[in-house]
Amino acid sequence: RAADLLLLAEDVPSGLDPDGPSIALPTTQEGMVQMLEPLIDYEPKGPNDSGFVLPDFSKPRGRLLEAWDYDPKALTWTLHLRKGVKSCAGNEFTADDLIYTYGRALSTSGAVPNAWFLLNMGSIKGFTNDVFSTDKAVADAAKKLGDGIKKIDDYTVVVQQTEVNPLYFVNMAVTISQGVFDAKEMQKHATAADPWSHDYANNVNLPSFGAYCLERWVKDSQISYRANPNYYRGKAFYDHVVVKKVPEAANRLVTLRTGQAQMVQGLNAHQYDSLKDAKGVKVEGVLGNEGLFVVMNFKTKPFDNIKLRQAIAYAIPYERIVQVGYSGQAKQWEGVIPSSYPGFVKQAQPYSTDLAKAKALLAEAGFPDGKGLDAYKDAFKLSYVSEKEATLGPVVNAISTALRALNIPVTLDPIPQTQYGDRQIVKKDLGFAVNDQEKPIGVDAGYAMKLFFVSKEAGGINNMMNYANPELDALWVKAKIEGDPAARNKELADMQNILMRDVAWLPVVEFKTQFGLSDKVNGLTWVTDNSPRFYDLKN
Amino acid sequence: MTMPLDATRQAPASAGQSREADLAPAILEASGLTVGYGAPPPIVAGFDLTIRRGEFVGLLGESGCGKSTAAYALLGLARPPGRISAGRVAFKGQDLLTMPAARQREIRGKHIGLIVQNPRGALNPMLRVGRQIGNVWRAHNAGSATRAEEHAVEMLKLVGINDPKRRTEAFAHELSGGMAQRVLIAIALSSTPELLIADEPTSGLDVTIQAQLLDQMWQSTRRTHSSVLLITQETGIVANYCDRVLVMREGRIVEDMTAAAYRRAPRRSLLGAGNKAKTLATPGEDDQAAPVLAVDHVSRFFPVPGSTKRVQAVSDVSFDIAAGETLGLVGESGSGKTTVGRCLLRLIEPSEGRVLYRGEPLNTLGKTGMRRIRSKLQIVLQDPYDSLDPRWSILQTLSEPLKLHTDLSGAGRAKRVEELLAQVDLPKTVAALRPRDLGSGALQRINIARALACAPDFIVLDEPTSVLAPAARTSLVELLLRLQAELGVSFLFISHDLTTVSQICHRIAVMYLSQVVEVGTTEQVFRDPQHPYTRALLASHLDPHPEERRVDRAVQERLAGEIPSPIDLPKGCYLQSRCPHAVERCATEPQKLVRAADGRMLRCWRVLADELGGSDIPLVHDA
Amino acid sequence: MLLRYIGRRVAVSIVQLLGLVVVVFFLIRLMPADPVARLVGLNASKEAYAQASHSLGLDQPLLTQFLQYFGLDGRGGGLLEGHLGVSWVTNGSVLTEIGQTLPVTIQLLTLSFIITLLIAVPVGIAGASRPGGAFDRGVFVYGLFGGSQPEFWWGLMFIFVFFFKLGIAPAPLGLVNPMDMPSEPITGFILLDSLLRGEFDVFLDVLWHLALPTLTLVFILSGPIIKMVRQNMVRALGSDFVLYARAAGLRESTVTRYAFRIALAPALTLVGILYGVMLGGAVLVETVFSLGGIGQYAVRAVLAFDYPAIQGVVLVITSISLGIYLVLDLVYAVIDPRVARS
Amino acid sequence: MSSADFTLIREATVPRLRRLRGHGLTIVAGLVVLAILLLAVIGPSISPFDPTVADAEPFLPPPNLSAWPGLLWAALSGAGTPVHWFGTDASGLDVFSRVISAPRTDLSIAVLANGFALLIGVPAGLLAGYFRNWGTETLMRVSDVLQSFPVFISAMILVALAGQSTVNIVAALAVLYSPIYVRLMRAEVMTQGARGMVEASRALGSSEVAIAIRHVLPNSLGPTLVQSSVTIGFAILLTAGLSFVGAGVRPPTPEWGLMISNGASGIMLGQWWPSVFPGIAISLTVFSFAALGDVLERAYRS
Ligand SMILES: Nc1ncnc2c1ncn2[C@@H]1O[C@H](COP(=O)(O)OP(=O)(O)OP(=O)(O)O)[C@@H](O)[C@H]1O
Ligand SMILES: Nc1ncnc2c1ncn2[C@@H]1O[C@H](COP(=O)(O)OP(=O)(O)OP(=O)(O)O)[C@@H](O)[C@H]1O
Ligand SMILES: [Mg+2]
Ligand SMILES: [Mg+2]
């Protein structure tokens with residue numbers, strides 16, 4: 001049984017199609033990354049003090065790619081594919097598989113055009129918004145893979161960009177949407193109504209070249225994998241991995257402690273903390289890319305008032321949140337992108353818990369001693385995801401207690417994830433919210449800027465707080481196509497400084513991504529999608 | 001008769017053998033029997049009784065005095081949470097209460113049979129009656145299940161059930177009360193017990209059925225020389241069947257005498273307090289021409305759910321009621337009396353025909369017209385408690401009609417309520433009470449007072465005395481008579497109780513199976529009943545007779561079986577299936593209500609023909 | 001007669017269910033929630049949103065969606081042909097998913113109810129045989145107590161004690177050891193399947209895994225059922241026909257049987273109603289013990305705004321409840337002839 | 001006439017009270033319910049800490065039992081700092097203050113939900129029982145369906161989709177509990193409607209509506225009131241269950257179910273106090289309401 005691994009998780013994959021309806025769920029992504037093989041990843045940097053192996057973002061390495069060439073003048077990428085890679089089904093990896101994968105992305109035939117989105121972000125020729133045109137002819141034409149992606153031979157593909165954009169390369173490492181399918185196997189299950197085999201991927205299997213193959217999958221209950229015997233990097237140590245859905249965190253915890261499971265996830269910091277003294281188990285954590293911040297909507301009065309935003313920033317009990325909310329496994333977040341990412345800029349004068357300053361700012365904002373804020377009671381409903389009560393409860397309680405002490409009329413408003421997502425992403429009407437789930441999956445400050453902060457007019461995507469600053473947008477226009485890395489870094493740093501001055505987000509803490517493990521299990525690596533790679537685990 | 005009789009105990013059925021019973025050995029002796037239901041005082045306290053072999057003993061007692069409790073205690077049983085706390089019961093000298101459970105069981109059912117008050121409740125609702133009879137029989141006799149079934153059929157036949165084989169398949173709820181009581185008798189007699197305890201076996205049954213059952217019981221037990229303890233509230237029953245009479249009050253026996261002595265004794269006890277009803281007030285002659293209420297060919301049927309058939313509750317009923325007159329409406333249960341009463345007030349709409357109030361047809365009246373007339377036509381229902389809102393005080397209850405039909409102020413209403421209470425002989429303090437604080441006699445007076453509130457011309461009294469104790473019954477009758485004399489109001493008096501009817505009514509209408517079969521003056525109907533049904537009805541009536549018991553008298557006019565269902569009515573005379581005088585023509589010829597020479601109305605061609613030309617029907621005149 | 005009655009009841013139930021589907025369909029769409037956002041995640045460009053919305057069919061007018069759901073739009077495959085649609089989360093057939101989760105719940109409930117009845121009936125009868133006695137008082141208090149407990153709390157408590165502290169119960173990881181490869185389902189009821197295959201070790205193993213969840217449910221359910229049995233038995237034993245049966249000299253065992261049969265009907269009604277309630281209500285126990293039953297499926301569907309799944313669950317559970325009530329009425333008619341003939 | 005045929009003031013009223021006495025349990029249940037009602041009124045104002053202010057250490061255990069007398073004395077005499085009698089929870093909220101402040105929330109949800117269920121169920125049941133026609137038949141069929149709804153799941157759906165607020169919980173529970181009352185009411189109205197008092201009032205010329213409202217309705221309320229006591233208890237439990245799946249009241253509102261479900265996993269870590277104390281409170285309360293319902297039922301039946 002030495003080669004068996006049982007992971008207890010809060011859920012198992014709901015679907016395995018990267019363009020499927022469940023792609024936004026972390027537990028779904030966790031399934032995909034075991035089976036999908038990416039084009040590139042990063043060299044490991046060695047373990048941190050808790051044993052977690054971190055990547056060195058400055059050293060990309062080929063996975064399905066053996067090598068790549070970039071021609072800045074022609075804006076082309078020549079991808080040299082690895083030879084001798086075999087899928088679970090035994091099919092050999094060739095350019096056809098990559099072409100199929102890109103073609104599928106462009107078809108935008110799934111529930112969510114996720115793969116298309118990252119390629120569009122990388123300015124790949126042909127990946128334009130035309131695919132969504134309401135004019136059917138235009139849309140159909142746009143969905144044909146043109147000369148943006150060209151197969152040269154079985155092991156060479158050329159990709160054409162429309163402008164300078166480093167994000168294409170950054171995004172290649174994003175397994176969950178840029179991993180490559182086993183085209184032969186996929187096409188076997190295509191039907192006239194579903195030429196890109198979405199049903200198959202969603203409900204049956206995800207054929208690819210990854211380290212694991214699907215063994216058995218009962219949605220909502222458990223999924224088990226077998227090591228891919230043909231895997232080009234060698235067969236995984238754990239031949240048989242089972243992920244079991246155990247909805248109650250406490251049950252996951254005690255089962256690990258009895259030694260009947262080897263790994264758990266999805267506990268809150270306090271629960272992980274309790275495992276530290278237990279025999280036979282350990283907790284590994286990394287300050288990776290997870291952070292908690294407060295969103296104040298610029299379209300919701302009185303949050304348009306910068307002094308008020310700053311007053312709140314000075315009122316947040318950072319240390320208490322680190323201790324009570326995260327059992328010390330966090331630190332104050334002093335920027336707006338993860339501090340582990342290249343290009344992170346630390347705030348010159350970080351906000352600290354300073355009630356005197358907070359009071360002064362509150363008065364400056366026109367609300368001395370909180371007077372006048374009662375009119376905005378509704379705005380001060382602090383929203384958070386109700387499913388995360390166990391983790392966020394202590395945090396929001398600490399925040400509301402601290403703010404109410406300043407006569408800011410905060411009430412708590414937990415709402416289901418779905419509704420939270422809807423209001424944050426689509427309606428963008430969350431006035432006052434705590435968020436701990438947004439992280440830039442592409443390891444790049446520009447990716448984060450475009451995703452979170454740049455206004456829609458300037459090509460921004462998400463911008464949940466309706467922040468629009470022409471100064472920032474102008475910088476982005478430059479940085480986006482800046483060919484010189486140093487100049488680009490400077491521009492991105494300026495942007496971060498502006499954001500912190502404006503309190504566009506109120507970053508609170510960065511907290512550790514943690515897992516509980518049997519002390520016999522080693523080699524856990526961290527990837528920006530925060531899903532463990534079973535392949536890396538060893539005794 | 002195929003009853004398996006014990007040859008040694010068989011004795012010829014003969015009348016007037018009770019004298020020897022005194023010398024016979026005691027079958028059952030109870031002394032100092034005390035039973036309580038948790039909270040003191042005990043319900044049966046210091047109960048003593050002796051029953052000898054072959055004796056037919058009557059136990060007379062008011063409702064609630066502990067008769068049923070005592071009956072069960074004589075078998076060593078008490079209904080939970082009751083407990084027998086003291087005393088001795090000896091069956092043939094053996095102490096029943098202390099003997100082993102197995103032996104107790106043997107005595108119960110085998111040596112002592114029990115028949116109870118509420119036969120349908122006493123039968124297991126989930127078992128076919130054949131099984132139940134069989135189960136009891138098998139508990140006391142060796143025999144196979146098939147044998148038990150056969151025995152059950154025999155027993156049912158013995159107690160006079162037609163088609164006994166089919167009836168063994170029935171469940172308790174499918175039986176009529178009379179039929180269920182016969183089943184209990186069959187169970188009780190199935191092992192030929194030496195003692196039969198019958199606890200009000202006929203309460204709630206029609207007089208015709210009552211007479212049938214009691215006759216049957218009397219005969220069966222006499223034949224086997226068994227003893228009987230007959231528990232009842234009816235003086236008529238003890239007077240007509242028993243050899244010895246015990247009177248029970250508050251849990252103990254207070255009197256013990258022979259039946260003859262009982263019949264001769266003046267009625268001292270409140271049971272059956274004298275027939276001292278005043279003479280009737282005669283209705284005003286001038287009003288005779290225009291009756292207060294005229295019923296004109298009224299019929300009423302109800303649809304049977306899930307079928308095209310219908311229940312014919314009332315067919316073609318016509319009669320008049322004059323001002324100040326009381327018309328009695330009698331007949332077996334289910335004959336349609338209540339429906340007629342309701343139709344008069346349009347509480348039920350007649351399907352056909354009309355009702356005229358002082359010449360005005362009610363059925364064409366609109367809502368407001370009807371409301372106006374409602375104050376003039378009133379009704380008093382059978383169950384006095386049920387007819388009153390238990391949450392309302394008497395004052396509120398009596399104010400209801402006043403609010404509806406007068407514009408009296410609150411104080412005015414209170415005053416009127418006081419008057420009404422005085423009118424029905426109740427103290428005015430009653431106004432503040434609620435129904436649960438009053439006895440049923442007082443409650444019925446309240447109901448009458450409510451009916452009187454708006455000075456009506458006419459009141460339907462639907463069995464107003466049937467749930468009352470005998471004493472209360474008498475005083476209510478007196479009250480009604482007085483009210484009629486004072487107020488000149490007319491009554492339709494619906495009742496089973498012929499004694500009361502004879503005391504209060506000017507004229508009587510007899511109903512059978514939805515039809516009126518005879519209408520005449522009280523004198524005519526009681527002295528000289530003509531219709532076979534009327535005659536059977538009167539013959540079944542158990543009046544305490546000073547000289548003779550019913551069982552000692554000659555053959556009686558008697559009806560076979562029970563009232564048929566009003567769903568598939570026969571084509572000819574409705575009585576034809578039960579009538580001892582029926583001939584072929586009765587089966588085919590529908591009967592019409594025809595006025596006879598002496599002024600009464602009759603619905604029987606044979607009687608009418610007899611009167612015109614002479615027939616062979618022997619008329620039995622009850623003195 | 002009986003057949004016609006059943007026919008009419010079933011027909012009425014179908015109309016009721018259709019009405020229910022219509023109401024649920026429109027009601028959940030009136031709620032202030034938008035399922036699309038969950039799909040698109042952060043990449044919520046207008047285009048992605050439209051795409052996702054289109055893939056769910058939510059860009060269609062309500063009426064079109066409705067016709068589609070029922071299969072009245074000419075394309076078929078709707079509710080009227082027995083399809084419950086496709087889950088928006090898993091993209092799998094709702095019918096199949098319910099088919100996987102429902103047996104888990106039914107199996108758990110059936111087992112629990114059987115054990116509950118096996119305990120509650122004798123205990124209730126014993127209590128009733130001596131009303132007011134010490135045992136009866138105990139039974140009475142427990143009857144009230146059992147029904148007033150939060151079951152999820154007790155479930156966790158039992159896990160803590162029996163699994164974690166004492167180590168005598170299996171880990172709360174579902175019905176089988178997750179590392180074992182269970183055979184393909186035949187009926188979906190693992191207990192039944194294992195017997196059909198002759199795998200007695202699996203059968204016993206599953207029973208062992210069901211021990212704590214069943215204990216939790218029995219602990220809760222036996223309260224009201226004991227109370228009901230006891231109360232009816234007390235009433236039956238005090239009834240006329242029992243007293244009369246004693247007076248007729250019937251054996252005590254026969255008398256008890258008489259009383260029991262009449263006490264049974266209301267107790268069965270309660271069992272039926274509780275069973276219906278627990279179909280959805282078992283979710284708490286399912287969650288605590290990771291059983292993956294229909295309740296848990298429902299919770300997931302609700303939290304993800306997975307409309308087809310929500311509609312499916314409500315429809316299935318309500319149909320089962322209505323079915324149970326129908327069966328109850330029939331059983332009632334069989335054991336109590338008074339009902340049958342009226 | 002003599003007074004022989006009617007008795008004034010029967011003893012009936014006396015044993016009724018005596019019957020209530022029956023079990024010592026009744027007294028306990030009554031006292032608990034009274035205490036809970038009292039706490040609902042004054043609980044938040046007598047709690048030593050603000051039940052929503054999280055500024056204490058998280059997971060402080062309750063003081064040792066042996067230390068209680070001394071602490072109690074100190075607390076009563078006004079000396080010493082306030083004590084966390086039942087410890088603190090994950091956020092550092094005072095468990096004791098929350099336990100005694102919770103009845104206000106729990107009872108208002110339960111009582112209001114029950115009240116609205118009565119408001120829906122009673123008139124509907126009255127209509128259906130008194131006026132029997134196709135309209136009221138349809139009403140009954142609708143009520144059948146509602147009754148076959150999976151209560152828990154439906155409540156969850158309504159709360160999750162409409163928003164997690166007390167108002168929505170109350171509304172959901174009221175809708176889901178109302179069919180019970182429709183049924184009970186209808187059955188009782190049918191019995192009461194067949195009583196002579198109705199016929200008598202009709203004969204007096206009262207309108208049907210007046211009879212239904214003035215006579216039938218008040219006399220038919222008994223079983224519903226008995227049921228209310230049970231429903232209130234169950235509503236409290238159901239609210240707790242909803243909190244467990246994240247569809248209950250909004251934190252940090254002091255509410256027992258929320259406390260139990262938030263604290264439940266702590267049991268595994270040996271931190272039993274955040275969930276055990278509210279657990280005891282909820283059990284005791286629901287138990288007492290059920291016991292009271294039972295007493296009422298027995299009183300009503302006799
Ligand atoms: N199970 C019981 N619990 C408490 N009291 C009871 C019970 N059964 C009867 N009683 C009381 O005992 C008294 C006598 O009852 P019992 O039935 O013996 O009277 P009865 O003379 O047979 O009356 P009836 O003529 O109405 O049948 C009544 O007042 C009744 O209230
Ligand atoms: N509402 C009704 N629906 C159907 N059948 C009815 C209805 N009311 C009365 N009947 C039937 O009509 C017949 C006559 O009933 P009714 O109550 O008038 O008789 P009754 O002479 O008053 O009997 P009792 O002496 O028992 O009061 C009975 O067979 C009864 O079953
Ligand atoms: Mg009696
Ligand atoms: Mg009648």
Side-chain angles (χ1 to χ4, degrees), chain A residues 246-258 267-275 277-278 317 320-321 323-327 381-405 410-420 422-423, chain D residues 49-60 88-95 97-98 105 156-169 241-255 257-272 274-275:
Chain A
V246 179
E248 258 308 293
N251 285 342
R252 299 199 283 273
L253 184 146
V254 291
T255 309
L256 178 73
R257 284 187 59 170
T258 61
L267 305 184
N268 67 23
H270 177 69
Q271 289 162 332
Y272 279 124
D273 200 41
S274 80
L275 281 175
D277 319 320
R320 184 174 168 91
I321 290 173
Q323 293 311 327
V324 176
Y326 293 96
S327 296
K381 276 189 184 163
L382 185 60
S383 309
Y384 61 100
V385 174
S386 57
E387 286 95 322
K388 295 194 167 195
E389 178 68 36
T391 312
L392 293 182
V395 174
V396 292
N397 274 325
I399 293 178
S400 77
T401 300
L403 294 187
R404 274 186 288 143
V410 179
T411 53
L412 301 185
D413 185 22
I415 50 186
Q417 173 79 58
T418 319
Q419 207 164 335
Y420 186 93
D422 177 38
R423 294 185 54 193
Chain D
F49 293 90
D50 183 327
T52 62
V53 165
D55 54 7
E57 279 291 298
F59 290 122
L60 276 180
T88 61
D89 72 359
S91 299
L93 294 162
D94 180 48
V95 176
S97 301
R98 289 171 67 74
T105 322
M156 228 184 87
I157 294 175
L158 292 175
V159 174
L161 297 188
Q164 202 175 350
S165 76
T166 315
V167 174
N168 288 338
I169 295 177
L242 286 177
S243 293
F244 188 66
V245 293
V249 300
R250 248 181 227 163
T253 315
E255 193 269 321
L258 187 69
M259 298 173 70
I260 300 177
S261 56
N262 282 351
S265 58
I267 296 173
M268 308 282 181
L269 307 180
Q271 286 145 351
W272 50 271
S275 74

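Bear in mind that the values here come from a model prediction, so they are computed numbers and not experimental data. Below, read A as the first sequence line, B as the second, and so on, with proteins coming before strands; counting in each chain starts at 1.
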Worksheet item: Out of curiosity, A:Glu389 CD to D:Ser91 OG, how far, rounded to the nearest 0.5 Å?
Response: 7.5 Å
Side chain from CB out, backbone as N, CA, C, O: work out which of these in [X] comes under 4.5 Å of a heavy atom of chain D, or both, or neither.
| X | result |
| --- | --- |
| A:Glu248 | side chain |
| A:Leu412 | both |
| A:Lys381 | side chain |
| A:Pro414 | both |

Does some side-chain heavy atom of [Y] sit less than 4.5 Å from a side-chain heavy atom of [X]?
| X | Y | result |
| --- | --- | --- |
| D:Thr253 | D:Thr166 | no |
| D:Val95 | D:Leu60 | no |
| A:Val410 | A:Ile399 | no |
| A:Thr401 | A:Arg320 | no |

Response to the item:
Honestly, the part of D:Ile267 sitting under 4.5 Å from a heavy atom of chain A is neither
Response to the item:
Checked D:Asp89, D:Val245, D:Leu269 vs chain A; the most non-hydrogen pairs under 4.5 Å come from D:Leu269
Discussion item. I'd like to verify something: which residue of D:Ser165, D:Pro252, D:Ala247, D:Pro58 has the highest number of heavy-atom pairs under 4.5 Å with chain A?
Written reply: D:Pro252
Response to the item:
side chain to side chain contact (heavy atoms under 4.5 Å, CB included) with A:Leu382: of A:Thr411, A:Leu403, A:Asp413, A:Val396, only one passes, and it is A:Val396
Worksheet item: For chain D, which of A:Ser274, A:Ala402, A:Gly393 has the most heavy-atom pairs under 4.5 Å?
Response: A:Ser274
